[in-house]
Amino acid sequence: MPKTSSDAAATAPRRLGRAELPRDTRALARYLLGKTLVHETAQGRTSGRIVETEAYVVGDAAGHAFVGETPRNRSLFLERGHAYVYFSYGVHWCFNISAETECVGAGVLVRALEPLDGVELMRVRRGTDRLIDLARGPGRLAAALAIDRRLDGVDLCGKGPLWLGTALRPVGRIGRSVRIGITKETQRLLRFYERGNPFVSGSRAMRQ
DNA sequence: AGTGCGATTGACT
DNA sequence: GTCAATCGCACTA
């Protein structure tokens, strides 16, 4: 059987520091492609390679921060590198990374991961055996890594259980498209993904 | 206090 | 392809 990036415990990524993250929201969305997202819990470690992101920039009517700071979106106003986790459609959690500086509301939605460590644990959490579906889409990704409201606002650049790591493998060609599922600012090309990667969400055309 | 709706997913025709 | 599930939040009054 050929070795794939989904084999457990491939190589250990190094934690990324805040200084390594671009301030600019769009730049951060691109930078994150190929990087590793890790969550360590009592159940074990799950991690994945980020293959799809969306930028929600300053002054963006589609962004949750557009209405100004509220109890729900306050994490978007933290310094870059903090988690913004929100509850979507009364069913799913979605994971974002705050961007820009403190008091500026912007962030990057992480939409899909290529599973790395803890694939079996992800299968249990997700209730499916299909590797391709474990973390393909923001709601699935959060479920696979057990990300929920408890992680809203945590620093991803500290020593906590949820953190960003270096890329274990360089990112390939980056594709760009409109963002998925929004009703405002629908023409802006703020979705970024690794071209041809089967773990990217959406239709086949959206992965090319 | 009531209303409308959403950065989604999975089941079903 | 269509559509219900299911909740918290922002907004109106």
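Just so you know, these numbers use all the heavy atoms, side chains as well, and skip hydrogens, waters and symmetry mates. This structure is a prediction, so every number in the text was calculated from the model and none was measured.
Atom OG1 of A:T101 sits about 7.5 Å away from atom CZ of A:R23, to the nearest 0.5 Å.
A single hydrophobic cluster is not seen to contain both A:L37 and A:L109; linkage of ILVMFWY side chains at heavy-atom distances under 4.5 Å, directly or through other members, places them apart.
Within a heavy-atom distance below 4.0 Å of DNA chain C, the residues of residues 67-83 of chain A found are A:V67, A:T70, A:P71, A:R72. The stretch residues 200-208 of chain A does not touch DNA chain B, since none of its heavy atoms comes less than 4.0 Å from the strand.
As a whole-Å value, the separation of A:E54 CD from B:dG6 C1' is 14 Å. Following rounding to the nearest Å, A:D152 (CG) and B:dA7 (C1') show an atom-to-atom distance of 15 Å. Distance, A:Y86 OH to B:dT9 C1': 13 Å, rounded to whole Å. In this entry the distance linking CZ of A:R140 with C1' of B:dA11 reads 12 Å, nearest Å. Taking atom NZ on A:K184 and atom C1' on C:dA10, their separation rounds to 11 Å, with Å as the unit. For A:Y89 and B:dG6, the OH to C1' distance is 4 Å, given to the nearest whole Å. Counting to the nearest Å, the P atom of B:dT8 and the CD atom of A:E52 are 10 Å from each other. Rounding to whole angstrom units, CG of residue A:D133 and P of B:dT9 are separated by 10 Å.
B:dA7 and C:dG1: their C1' atoms are spaced 23 Å apart (whole Å).
The residue A:F87 sits close only to the backbone: its heavy atoms come under 4.0 Å of sugar-phosphate atoms, none of a base.
Applying the 4.0 Å criterion to OP1 and OP2 of B:dA7, one finds that A:H64 has a side-chain N or O inside that range. Phosphate proximity of B:dT9 to A:R136: absent, as no side-chain N or O sits under 4.0 Å from OP1 or OP2. Taking side-chain N and O atoms only, A:R191 has no distance below 4.0 Å to OP1 or OP2 of B:dA7.
Side-chain contact between A:Y84 and A:N73: present, with at least one pair of heavy atoms (C-beta onward) separated by less than 4.5 Å. Looking at heavy atoms from C-beta onward, A:F199 lies out of side-chain contact with A:E52 at the 4.5 angstrom threshold. A:L164 has its side chain within reach of A:I97: a pair of non-hydrogen atoms, C-beta onward, lies under 4.5 Å apart.
The pair A:R45-A:E40 meets the salt-bridge criterion, with a side-chain N (NZ, NE, NH1 or NH2) lying under 4.0 Å from an Asp/Glu carboxylate O. Taking 4.0 Å as the cut-off between side-chain N and carboxylate O, A:E20 and A:K35 do not count as a salt-bridged pair. Salt bridge A:D133/A:R136: present, at least one basic N to carboxylate O contact under 4.0 Å.
Crowding of A:R195 atom CZ: a count of heavy atoms from other residues, nucleotides or ligands under 6.0 Å exceeding 12.
Side chains of A:T46 and A:R125: a donor-acceptor N/O pair is present below 3.5 angstrom, by distance only.
In this pair, A:F87 and A:W93 present their aromatic rings tilted. The plane angle is within the 30 to 60° band.
Residue A:I182 is the one, among A:I182 and A:R126, whose nearest nucleotide of DNA chain B lies closer to the 5' end (criterion: closest heavy atom).
Taking a pair as Watson-Crick or G-U wobble with both distances under 3.5 Å, DNA chain B forms stems of 3 or more consecutive pairs at B:1-6 with C:7-12, B:8-12 with C:1-5.
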Discussion item. Evaluate A:R191 against A:S177 for side-chain hydrogen bond (donor to acceptor under 3.5 Å, both in side chains), listing each step before the verdict.
Written reply: CA-CA 5 Å; A:R191 170 175 175 261; A:S177 81; 2.9 Å; yes
